[in-house]
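Only this structure's heavy atoms are used, side chains among them; waters, hydrogens and symmetry mates stay out. Note that this is a predicted model, so its numbers are computed, not measured.
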Amino acid sequence: MATDAATTSLPLRSATTASTSDFDIVGTYNKLLASDPELTKPVAAIESLIELLNTVPSTTVFETLDTVKAHSDRLKASVSNPVPLTAGTDLFLQYLMTSLKQQDGSSFDAVRHHLIRNGSLFASRAVAARNGIAEAGWRFVSEGKCVLTHGASRSVTGLLERAAKELGAGKFRVVYVRDEARKAESDDVVRDLRAKGIPVAEIHDAAIAHVLGLLRQVHMVIVGAEAVTQNGGIISRLGTFQIAQLAARAKIPFFVAAETHKFVRKFPLDQRDLGFDQQVLDFKLDGESAQPKDAVDYTPPDLIFNLITENGTHLPTYVFEQLLDIYGSLNG
């Protein structure tokens, strides 16, 4: 993300100092997520690293890079699915190194101050990307259309609410796939959409094939993503893959609304290649099988019609091009 001269006016989150070993990167990350519902996981990871730079004493450039790497690893190790955090920490580390090269000849303190200020700007712009997605994608939801979605992606709900604002109340409909393991979340999403004048029909996941394949009332599927892989696939909430397969079978376009800061240098081959372990199957002779918490699956790019980002609507190949432009190499 480009440097902005106006960043010197941005406030820092705090001005306290602490030793590197005392800084709690995991606690900082969890606190940021809990305090700001608009933050995505990659952005919360970035802001946590900004807080690290703002809190620990100044050291050498190499020590700072090592500190950021060590805390990034510690943060990713604290969660069951590290892929969204990897997108954020890799992006911020690349930003750090690029900024250091651009500031060649300056004192380290000046460089460090520059990084903190511009890092804050980066996080602000990343949060604002959701509005760009709504602007880029709302026109796909034209009058009389019906959209199927699931989960609680803020990019998707923002896009749908923008469409309702532009088209008017009741001009299109939404089929929402409920998650009975997250009843409160499902209730919140449906309530918010209806409050914007959007008629919503709730269905259970067992009805997806019937609704997409037989009723022929759904015109498009729009879902969010936790991460977008370099081949243009997505890692998203468990069940996304089956929705994409059923949409493809019914010849219904499958859109993904995702911010570019979720792009990650990862290339899964299939469902077994997510890069982390999650226990989906719990075989028992008696008692209830344990259900995975926050489980995800991988949807390959051949099932994705378009990606809707803050930079416009693109084919899945756009991810590879963007990551190559940012990192110069895709060898993570």
For this session: Go through the side-chain N and O atoms of Asn311 and Thr309 and say whether any donor and acceptor fall under 3.5 Å apart.
Result: no
Problem set entry | Greater than 12 external heavy atoms within 6.0 Å of Glu180's CD | yes
Exercise. Backbone N or O of Leu307 within a donor-acceptor pair of the His314 side chain at under 3.5 Å?
Worked result: no
Exercise. Does NZ in Lys145 sit with more than 12 non-hydrogen atoms of other residues, nucleotides or ligands closer than 6.0 Å?
Worked result: no
For this session: Could you walk me through whether Leu160 and Val174 pass side-chain contact (heavy atoms from CB on, under 4.5 Å), step by step?
Result: CA-CA 9 Å; Leu160 294 174; Val174 167; 4.1 Å; yes
Exercise. Between the side chains of Glu259 and Thr40, does any donor sit under 3.5 Å from an acceptor?
Worked result: no
Exercise. Do Tyr327 and Asp90 meet the criterion of a side-chain donor-acceptor pair at a distance under 3.5 Å?
Worked result: no
Table please: side-chain donor-acceptor pairs of residues 241-255 below 3.5 Å, with sequence neighbours left out.
none

For this session: Sorted by first residue and then second, give each side chain to side chain donor-acceptor pair (under 3.5 Å) pair with at least one member in residues 276-286; sequence neighbours left out.
Result: none
For this session: Evaluate the criterion side-chain contact (heavy atoms from CB on, under 4.5 Å) for residue pair Tyr29 and Asp24; output intermediate values, then yes/no.
Result: CA-CA 9 Å; Tyr29 169 79; Asp24 183 3; over 6 Å; no
Exercise. Which residues pass the side chain to side chain donor-acceptor pair (under 3.5 Å) test with Asp66, sequence neighbours left out?
Worked result: none
Problem set entry | Residues Leu159, Ile308; criterion side-chain contact (heavy atoms from CB on, under 4.5 Å); working and verdict | CA-CA 10 Å; Leu159 186 158; Ile308 305 173; 3.9 Å; yes
